[in-house]
Amino acid sequence: MCGITGWASFHHDARTQAPVIEAMTAELSPRGPDAGGVWLGERAAVGHRRLAVIDLEGGAQPMTDRPHAPTAVLGYSGEIYNHHELRTELRGRGHRFRTRSDTEVVLRAYEEWGDALADHLDGMFAFAVWDERAQRLLLVRDRLGVKPLYWAAVDGGLAFASEPKALFRHPELRPRVDADGLREAYSLLFNTGPTVWSGVREVEPGGLLVLDRDGIRERRYWQLEAGAHEDDRDTTVERIGELVGAAARGQLEADVPLCSLLSGGIDSTVLTALLADELRLREGPDARIRSYAVDYSDQAERFTGDVLRTGHDTPYAVEAGAFIGTDHSTVVLDPRALLDPEHRGAVVVARDSPIGVGDMDTSLYLLFGEIRRHSTVALSGEAADEVFGGYPWFHNPRALAADTFPWLLVTGDEAAMPLNPELDLRIGEFRDDTYRTALAAVPHFDGESPAEHRQREMQHLSLTRWLRQLLHRKDRLSMARGLEVRVPYCDHRLVQYAFDVPWELKSFDGREKSLLRAAGAGLAPDSVLQRPKNHYPATHHPDYNRGLQDLARDALSVEQVRALADEARIKPCLDTPPEHLQWGHRLRLERVVDLALWLDHHRPELAL
């Protein structure tokens, strides 16, 4: 895993700026608690913080192609799951290796294929290559955007980092937020490219960026395409099983302890079962994988359903763990831990954004902290809903007919912190324009019916937008605890295959995730296989609601918060009895509290 940062500039000598690259690198220490290093050349600087997972002794970075007078320097974050196959191929092409790390495979792949190396890589990654001979910088991000990579222009070039906070340690860059940034944050559209920070952009998922003396150029090396699906139902189910299994097995490698996130839903249960079976094949019949779930104190007694949740997870997770044969643990959190200002502040710092989901973020951060006591790598079922059609909007006629992003029918303005109308951000207009742009990016396939194409639009929007904020959340909160989380359902071959499956096959049993349920038969208890979709849990404890209301009142005492928030629409949420506070209104309060913490820590210049 790890964190990377640096810059390239044709106007300044980087060798005189060692304190700058060291400060930028230090900002990423939570992402890489095991080691750090920097490299300085005349036109570029590269910094790296390492979370050691593969080749603990030999994978130090930044990595150069040769010890003296290097011609290529690599700062790399992520995992390349096909690095063994690539190493064999590259050796056959004459390359020699000093380590057994996947990092060196990326470096040698650049030597062999240049920018085209991205086409050969299977994994989650974000990396930078400074080519000393060509005097050019290459930035590359994985196909689904699992690993983050940000950049901003500086004099004569650009700076890059795994997180924006590292960019702001460069003397030319400051945390500045304008109206465009607020629209990006609070519209809930999850664009990739622009960010809440003025002048800071993301490298697109499946994209690469080149800086040389001719300027900056960006292009996509991968994106979803629309194609014909020729397989019948049985063949499709079989192929889905093969692809999910291959992705799970391919991501099991690590030289450190590994575990699984097991919520008790079909996605994580099928994945955990595949991992457990593979582990027993490799290490013997008595091998057991650790699994983890999160719960809240008094949840069993107090659970009440809402628009996103239909049941209490823990009994299903325990049953699934026993069925599979895992060493299962449930991390139980109480309101005091979730309200702790230190925990909430750490979450906001990790996110670099005022937008989160309150207790669900804090609980995930605390869960990852507990997991890190025993494991360095965890595997998650994230993305199965996007790949297999698990969300309500795939099945709801109102959502299918709506002329907007489907999740706004669920979250909408009830879940967004209302902003001060005097700001005149015109978020509705921004949403409409962005929706038209998003639909224009959906690939077409000749001959598909309007109903089929609408489902293709829903899946494309989910995979290219909704999923991005989930991956962002998981990356930031896990890496803040020095934990690597892998997401096998983001395997690009699985994603592309499922994208082309007609909707009538995706929902052949009249339910969500029909293909995964069929492919997972025998891997999970029937109770889990037949269970309806359930989102990540939230606490229902009145003490949490009461404490949240107190924190929100304190937040609204801050002048900058009052300048940004619509107090008139927030006040009813403060006056509601804690036991009757609804999920959407509670989320408004969460975002008021997070806004205050974000302003206090990042101290952004507001240019509104």
Side-chain angles (χ1 to χ4, degrees), residues 1-6 28 31-32 46-55 59-63 72-87 90 99-130 137-151 160-163 192 202-210 218-223 247 250-251 253-254 377 379-380 382-383 467-468 471-472 474-476 478-479 483-495:
M1 199 45 66
C2 316
I4 63 171
T5 190
L28 301 175
R31 298 186 72 92
V46 180
H48 186 266
R49 289 297 314 186
R50 187 181 186 207
L51 177 64
V53 172
I54 294 175
D55 191 4
Q61 296 187 54
M63 184 175 284
V73 182
L74 172 67
Y76 158 73
S77 169
E79 300 292 346
I80 304 301
Y81 303 125
N82 64 333
H83 70 100
H84 293 297
E85 296 88 340
L86 288 176
R87 183 186 301 269
L90 290 165
T99 74
R100 60 181 185 85
S101 68
D102 59 336
T103 304
E104 189 175 5
V105 170
V106 175
L107 184 60
R108 304 303 172 193
Y110 175 76
E111 292 179 319
E112 179 65 30
W113 293 302
D115 296 1
L117 88 162
D119 298 320
H120 297 262
L121 303 179
D122 167 21
M124 57 178 189
F125 49 82
F127 60 84
V129 180
W130 172 251
L137 177 70
L138 172 68
L139 303 180
V140 182
R141 192 175 180 197
D142 66 67
R143 296 169 179 83
L144 273 293
V146 180
K147 303 314 298 175
L149 187 54
Y150 297 86
W151 67 276
F160 62 89
S162 296
E163 299 179 8
T192 293
E202 286 186 85
V203 175
E204 292 274 356
L208 58 82
L209 179 152
V210 172
E218 293 184 86
R219 71 172 176 86
R220 299 286 292 274
Y221 67 89
W222 184 88
Q223 56 190 330
Q251 298 187 25
E253 180 185 5
V377 174
L379 285 93
S380 166
E382 206 80 79
L467 178 60
R468 290 178 181 179
L471 294 176
H472 174 277
K474 188 142 288 181
D475 171 84
R476 292 304 189 81
S478 62
M479 294 307 293
L483 178 72
E484 174 181 302
V485 176
R486 301 176 181 176
V487 280
Y489 290 114
C490 283
D491 182 280
H492 67 280
R493 291 155 298 199
L494 169 63
V495 172

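Keep in mind that the numbers below use all heavy atoms, side chains included, and drop hydrogens, waters and symmetry copies.
- A donor-acceptor pair under 3.5 Å is absent between the side-chain atoms of N82 and the main chain of E85, judged by distance alone.
- L107 CG to D102 CG: the interatomic distance, rounded to the nearest 0.5 Å, is 12.0 Å.
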- Could you walk me through whether Y76 and M63 pass the side-chain contact (heavy atoms from CB on, under 4.5 Å) test, one step at a time? CA-CA 9 Å; Y76 158 73; M63 184 175 284; over 6 Å; no
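- Atom CZ of residue R100 and atom CG of residue D55 lie 4.5 Å apart, to the nearest 0.5 angstrom.
- Here the shortest heavy-atom pairing between S162 and G3 reads OG-CA, 3.5 Å.
- Between V203 and T192, the closest heavy-atom pair is O-CG2, 4.1 Å.
- Side-chain contact between R219 and D115: present, with at least one pair of heavy atoms (C-beta onward) separated by less than 4.5 Å.
- Remark: E253 pairs with no residue by the salt bridge (Lys or Arg N to Asp or Glu O under 4.0 Å) rule, at least two apart or across chains.
- No donor-acceptor pair closer than 3.5 Å links the side chain of R486 to the backbone N or O of V377.
- Between K147 atom NZ and M479 atom CE the span is 5.5 Å, to the nearest 0.5 Å.
- A heavy-atom distance below 4.5 Å is found between the side chains of L121 and F127.
- A161 and T5 make their closest contact through CB-OG1, 3.5 Å (heavy atoms, listed as atom of the first residue, atom of the second, distance).
- Taking 4.5 Å as the limit, some side-chain heavy atom of C490 sits within range of a side-chain heavy atom of L467.
- The OG atom of S380 sits 10.5 Å away from atom CD of Q251, with the distance rounded to the nearest 0.5 Å.
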- Item | Working for side-chain contact (heavy atoms from CB on, under 4.5 Å), residues F160 and L137 | CA-CA 10 Å; F160 62 89; L137 177 70; 4.0 Å; yes
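- Contact annotation: the side chain of E112 never approaches that of L117 to less than 4.5 Å [non-hydrogen atoms, C-beta and beyond].
- Heavy atoms only, all atoms of each residue included: L471 and G145 are closest at CD1-O, 4.0 Å.
- Side-chain atoms of R143 never come within 3.5 Å of backbone atoms of H492 as a donor-acceptor pair (strictly under, hydrogens ignored).
- At least one side-chain heavy atom of L139 sits under 4.5 Å from a side-chain heavy atom of W151.
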- Item | Candidate pair I54 and H83, rule side-chain contact (heavy atoms from CB on, under 4.5 Å), full reasoning | CA-CA 11 Å; I54 294 175; H83 70 100; 4.1 Å; yes
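- With a 4.5 Å cut-off on side-chain heavy atoms, I4 and L28 do not count as touching.
- A 4.5 Å side-chain heavy-atom check between V140 and Y221 finds at least one atom pair inside the cut-off.
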- Message: As a quick check of understanding, evaluate side-chain contact (heavy atoms from CB on, under 4.5 Å) for R476 and R31, giving each step before the final call.
- Response: CA-CA 9 Å; R476 292 304 189 81; R31 298 186 72 92; 4.1 Å; yes
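- Residues passing the side-chain hydrogen bond (donor to acceptor under 3.5 Å, both in side chains) test with E382 are K474, sequence neighbours excluded.
- In this structure, Q61 contributes its side chain and H48 its backbone to no donor-acceptor pair below 3.5 Å.
- In this structure a side-chain-to-backbone donor-acceptor pair under 3.5 Å is missing from R141 to Y150.
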